[in-house]
**Q** 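Submitted below is the structure of interest, expressed as C-alpha cells.
Chain A is the first sequence line, chain B the second, and so forth, proteins listed ahead of strands; every chain is numbered from 1.
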Amino acid sequence: MMKSFETLTKDTGTNKIGERGLTMPRSNYVANSSLCFQLFTHQQCAEIHSAVLEVLERVGVNIHHQRALAIARKAGAYVDGQRVRFPAALVEKSIRSAPSRVVLSDRNKQRRIFLEGHNFYFGPGPTAMNTIDPFTGERRVPVLEDTCRASRVMDALPNIDFQMDFGTPSDVDRKTSDVYAFEALLNNSTKPIVHWSYNTRNLKAMVEMAVAVAGSLQELQNNPLCAFYCEPISPLTHEFDALDIAMAMAEYNLPVIYTPAPQGGVTAPATLAGNIVQSLAESLSGLVIHQQVREGAPFIMGGVITIMDMISTQITYASPEFNLMAAGLIRMAQFYEIPGFSTAGCSDSKSVDQQAGIDIATNCLMAALSGGNLIHDVGYMESGMSTSLQSLVIGDEVIGQVKRLIRGIEVNKETLALDAIEAVGPGGDFIGEEHTYNNFKKEWWMPTLFNRGRHDSWAAQGKPDLAELASKRLRILLEEHQPQALNEDTKNRIRQIRLAL
Amino acid sequence: MSNYLEDLAQSVIVGQEDRVKQLTQQAIDSGADPVEIINQGLIPGMNVVGARFKVGQMFVPEVLMSARAMNGGMELVKPLLLDEELPTAGKVVLGTVKGDLHDIGKNLVGMMLESAGFTVVNLGVDAGPDKFLQAIKEHKPGIIGLSALLTTTMLSMKDTIEVLKEEGLRDKVKVIIGGAPISQDFADEIGADGFAPDAASATDLCKKLLA
C-alpha cells in the first residue's frame with residue numbers, strides 16, 4: 001500500500017510540517033485569496049514518488065566517486081561497481097532529514113530569502129558563454145567587467161532577489177574563472193549569491209571568501225550569504241566534481257543546490273512525467289549521499305528539466321513543456337517539503353524581441369503560480385547560450401507585474417468599499433475620494449518600464465520599443481545606482497584568497 | 001522487380017527496420033544485384049530523409065529510425081559485396097575529451113554522421129590525446145572529432161592537436177571540434193580544421209572536409 005509521503009512525515013513526528021500547515025509564511029497559497037495552481041494532485045505526487053523509488057531501486061545510478069560509493073554502501077545502498085541502487089527506506093529517510101526551509105541572507109546578514117512553502121524569489125542565470133551588450137547589441141564572450149556590471153544592475157533592480165554571474169568571464173585564468181566571478185559578485189552587490197564551482201578546491205576558496213565576509217564559518221552557517229549549485233549528468237550519473245562539491249557543502253553545513261538538466265527525448269524520456277521521474281531520481285540519489293555526509297545539512301532540490309528541439313537539436317528554455325516540467329518539479333519539491341530551485345525569465349530567442357517578451361512573461365507567471373522557491377535564469381537568451389541585461393531589466397518589470405498578479409484580490413470590509421460607494425453615490429466620481437487616495441497605491445502595480453502613455457508622447461520620445469526603454473533604464477541605473485561597497489579590509493582579504501589559489 | 005526498390009526506399013523513409021530487412025532478404029533470395037539494392041533502394045530512401053530533415057519536415061528521432069532501418073538492410077547486403085564496393089562517405093573517430101563525461105552531443109553527431117553514410121568509431125568519454133592517437137593509428141580515419149561541454153576540459157583539445165603534431169600525424173587527419181562552449185574563434189585559436197555548432201552541420205562539415 002502506498003502511504004502518502006506527507007502523512008508519513010506527520011506520523012513519524014519529524015521536523016517537517018504537513019502540507020496543510022497554515023502557520024508557514026507564504027506568498028502563494030491555497031487557503032487564501034492569492035493566485036496559485038498545483039500541477040499534480042496529491043495522488044499523482046504519490047504515484048510519481050513511487051516511480052522515483054522504483055527507478056532508484058531497480059535501475060539505480062552510476063557514481064564516479066570512490067568515497068561516495070563507500071558512503072552509499074555503508075548506508076545500506078546496493079553497490080555493484082559504480083552502479084548504486086537504493087532501498088526506498090534510505091531515500092525516504094534522506095527526504096525527511098533534509099530541512100524544509102533554507103534562508104539566504106545578504107552580505108550584511110539581513111535575512112532576505114526564505115525558501116519554504118510557496119515563497120518565490122527571482123534571480124538571473126549563470127555561466128553563459130556569451131553576453132549581448134545592451135548598448136551595442138554585439139554578442140560577445142563575457143569579460144570580468146561584464147560580471148561586475150551585471151552585479152551592479154542586479155543590486156539595483158528591485159525584483160531581482162539574488163545574484164548569479166550572468167556569464168563566465170573569459171579574460172581571467174580559465175581554471176579559476178568561477179572564483180573571479182564570485183569575488184566580483186561579493187564586491188559589487190550586497191544581494192545573496194547563488195553560484196557554482198569547477199571543483200572542491202575552488203569551492204573551498206570561495207567559502208573562505210564568504211567566511212571572510214561573514215566573520216566566521218558559524219556566522220555564515222547561521223546567515224548564509226551564498227548557495228552553490230552543482231549538476232549530475234543525465235541520465236542517472238553522478239560525476240566526481242558535482243558530487244564532491246555537494247558533499248563538501250554538506251560538510252560545511254551550507255546550502256547546496258543539486259540540479260540535474262535532463263533533456264527530454266535525448267538524455268531523458270520524451271514523456272513529461274517520465275522526465276520528471278528521472279530528474280527526481282537524480283536529485284534524490286544525490287540527496288542520499290549528501291544527507292549521509294551530514295544529516296540535516298541544507299539541500300535545495302533543483303532541475304532544469306527540458307526537451308530538445310528535434311530540428312535544431314537545441315534545448316529549449318521557454319517551451320510549454322519546459323514550463324510544465326518546471327511546475328511539476330516544484331510541486332514535487334513541495335510534496336517532499338524540500339526547497340525547490342526553478343527556472344524562468346528566460347527565452348529561446350536570439351534577440352530581445354517579441355518572442356523574448358512572450359517567453360519571459362509566460363514562464364515568470366508559470367513559475368510564480370507554481371510557487372517555485374528559488375527561480376533563476378532571468379535574462380537568459382538563446383537556450384542559455386547567452387545573457388542580456390536588457391532582458392534582465394524587462395524581466396524585473398515582468399516579475400513586478402507577476403507579483404501583483406499572485407497577490408490576487410483581497411476581499412474585506414475596506415476593499416469592498418461600501419462606504420466609498422455610498423459617499424460617491426450615483427453619478428459622482430472617485431478620483432478625489434480619500435478611499436482612492438488610501439488604496440490605489442496599495443492595490444495597484446505601477447509600471448516603471450511598460451508604456452501606458454498616449455501615442456503623441458510616445459511619438460515625441462522617438463517611438464521607443466521595449467528593448468530601447470530597457471536600455472534607457474539600464475543607463476540610468478548604471479549611472480545613478482551606487483551599491484554599498486565592501487569594506488577595504490575584507491575586500492583585500494578576499495583578493496588575497498583568490499591570489500593564493 | 002523495380003517495385004521492390006520503391007517499397008524499400010519508402011520503408012527506409014518511414015523507419016520500418018523489419019520491413020526493410022524483409023524486403024532486402026527477399027531481393028537477395030531472388031537474385032537481385034546487391035549494389036542495386038543499396039544504390040537504388042536503401043540510399044535513395046535515406047536521401048529523401050536527409051532532404052526532408054533539412055527543411056524541417058522530419059525530426060531527429062525519425063531520421064535516426066530511418067538510418068537504423070537502412071543499416072538493417074545494409075547489414076544483410078554487406079557480406080555479398082567486395083570491400084571496394086562498400087559505400088562509405090568516410091571514417092570519423094569521435095570522442096569526448098579528457099576529464100569530461102558529457103557525451104550526448106558527440107553521440108548525436110555520431111548518429112547523424114552514420115545516417116549520412118559515414119563510418120563512425122566512437123571512443124566514448126574521457127578520451128585523452130593518447131586514446132585519439134591510438135585510434136588514428138588503428139582506424140586511419142579521415143577526421144577526428146573532439147567534444148567538450150566544460151570550459152575547463154575544452155582546453156585539452158589543444159593538447160590532442162599538439163600531440164598529433166609531435167607524432168607527425170597532424171597532416172594525415174582533419175580535426176573538428178564541438179560542444180556548448182566551443183566557437184569558431186576557439187577552433188581557429190587552437191588550430192582545428194573545423195567547428196560545427198550542431199550535429200546536422202557537423203555532417204555537412206565532414207562532407208566538406210573530405211570532398
Side-chain angles (χ1 to χ4, degrees), chain A residues 62-65 82 126-130 139-142 167-170 172-178 181 196-199 201-202 230-243 261-270 307-315 382-386, chain B residues 49-50 52-65 96 98-113 115 124-126 147-158 178-186 189-190 195-204:
Chain A
N62 279 351
I63 294 183
H64 296 263
H65 194 297
Q82 288 187 322
T127 66
M129 301 308 301
N130 305 284
R139 176 186 187 263
R140 55 179 172 74
V141 178
T168 309
S170 61
V172 295
D173 171 33
R174 273 180 174 161
K175 288 182 174 145
T176 51
S177 48
D178 47 351
W196 56 282
S197 180
Y198 282 125
N199 50 50
R201 183 169 167 266
N202 292 6
C230 44
E231 300 169 321
I233 301 174
S234 300
L236 303 169
T237 302
H238 298 277
E239 59 108 20
F240 180 84
D241 285 318
L243 202 50
Q263 305 169 8
V266 191
T267 58
I307 56 167
M308 191 186 80
D309 179 75
M310 288 298 186
I311 293 177
S312 65
T313 67
Q314 289 299 294
I315 56 171
E382 50 161 333
S383 316
M385 291 301 289
S386 66
Chain B
V49 171
R52 287 188 184 172
F53 176 66
K54 272 223 159 91
V55 295
Q57 285 175 356
M58 278 182 83
F59 299 88
V60 175
E62 294 164 336
V63 174
L64 297 180
M65 210 50 86
T96 301
K98 196 166 179 51
D100 206 327
L101 300 182
H102 296 87
D103 66 347
I104 184 60
K106 176 250 321 162
N107 290 348
L108 256 178
V109 170
M111 287 184 258
M112 294 302 279
L113 282 172
S115 308
V125 296
D126 197 16
S147 171
L149 179 73
L150 307 174
T151 44
T152 40
T153 56
M154 69 190 243
L155 303 175
S156 88
M157 290 177 165
K158 191 171 164 53
I182 308 299
S183 62
Q184 185 62 51
D185 286 349
F186 183 70
E189 183 188 323
I190 65 167
F195 152 78
D198 55 50
S201 47
T203 307
D204 293 340

**Q** Between B/Thr152 and A/Arg174, what is the shortest heavy-atom contact and its length?
**A**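 Nearest heavy atoms, B/Thr152 then A/Arg174: CG2-O, 4.3 Å.
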**Q** Atom CG in B/Leu149, atom CD in A/Glu231: separation rounded to 0.5 Å?
**A**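 The distance works out to 8.5 Å.
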**Q** Do you know the tightest heavy-atom contact between B/Pro61 and A/Met310?
**A**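 That closest heavy-atom pairing would be CD-SD, 3.3 Å.
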**Q** Between CZ of B/Phe59 and OG of A/Ser312, what distance do you get to the nearest 0.5 Å?
**A**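 Answer for the CZ-OG pair, B/Phe59 versus A/Ser312, is 10.5 Å.
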**Q** Report the C-alpha separation of A/Met129 and B/Thr151 in whole Å, then their side-chain angles, then the decisive distance to 0.1 Å, and conclude whether the side chain to side chain contact (heavy atoms under 4.5 Å, CB included) test is met.
**A** CA-CA 9 Å; A/Met129 301 308 301; B/Thr151 44; 3.4 Å; yes
**Q** Give a yes or no on this: more than 12 heavy atoms of other residues, nucleotides or ligands lie within 6.0 Å of atom CE of A/Met385.
**A**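 For A/Met385, atom CE is crowded (more than 12 foreign heavy atoms under 6.0 Å).
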**Q** If I measure from the heavy atoms of chain B, does A/Ser177 come under 4.5 Å with its side chain, its backbone, both, or neither?
**A**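 Nothing of A/Ser177, per the 4.5 Å heavy-atom cut-off to chain B.
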**Q** Please determine, among B/Asp198, B/Asp185, B/Leu101, B/Asn107, the option with the most heavy-atom pairs under 4.5 Å with chain A.
**A**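 Max contact count across the listed options: B/Leu101.
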**Q** Hey, which of B/Gly105, B/Pro181, B/Ala200 has the most heavy atom pairs under 4.5 Å with chain A?
**A**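 With the most close heavy-atom pairs to chain A, the winner is B/Pro181.
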**Q** Distance from B/Ile104 atom CD1 to A/Thr267 atom OG1, nearest 0.5 Å?
**A**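 Going from the CD1 atom of B/Ile104 to the OG1 atom of A/Thr267 covers 6.5 Å.
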**Q** Under a 4.5 Å heavy-atom cut-off, does chain A meet the side chain of B/Leu108, its backbone, both or neither?
**A**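 Looking at B/Leu108, just its side chain touches chain A.
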**Q** Would you mind telling me which of A/Glu239, A/Lys175, A/Gln314, A/His64 has the largest number of heavy-atom pairs within less than 4.5 Å of chain B?
**A**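 Ranked by contacts with chain B, first place is A/His64.
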**Q** Contact part of B/Leu155 toward chain A, heavy-atom cut-off under 4.5 Å: side chain, backbone, both or neither?
**A**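 The side chain, not the backbone.
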**Q** Return the minimal non-hydrogen interatomic distance between B/Phe53 and A/Ile311, and the atom names on each side.
**A**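 Nearest pair, atom of B/Phe53 first, then A/Ile311: CZ-O, 3.6 Å.
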**Q** Hey, are the side chains of A/Thr313 and B/Met112 touching, using non-hydrogen atoms and a 4.5 Å cut-off?
**A**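 No; the side chains remain at least 4.5 Å from each other.
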**Q** Is any side-chain heavy atom of A/Tyr198 closer than 4.5 Å to one of B/Leu150?
**A**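 Answer no - side chains too far apart.
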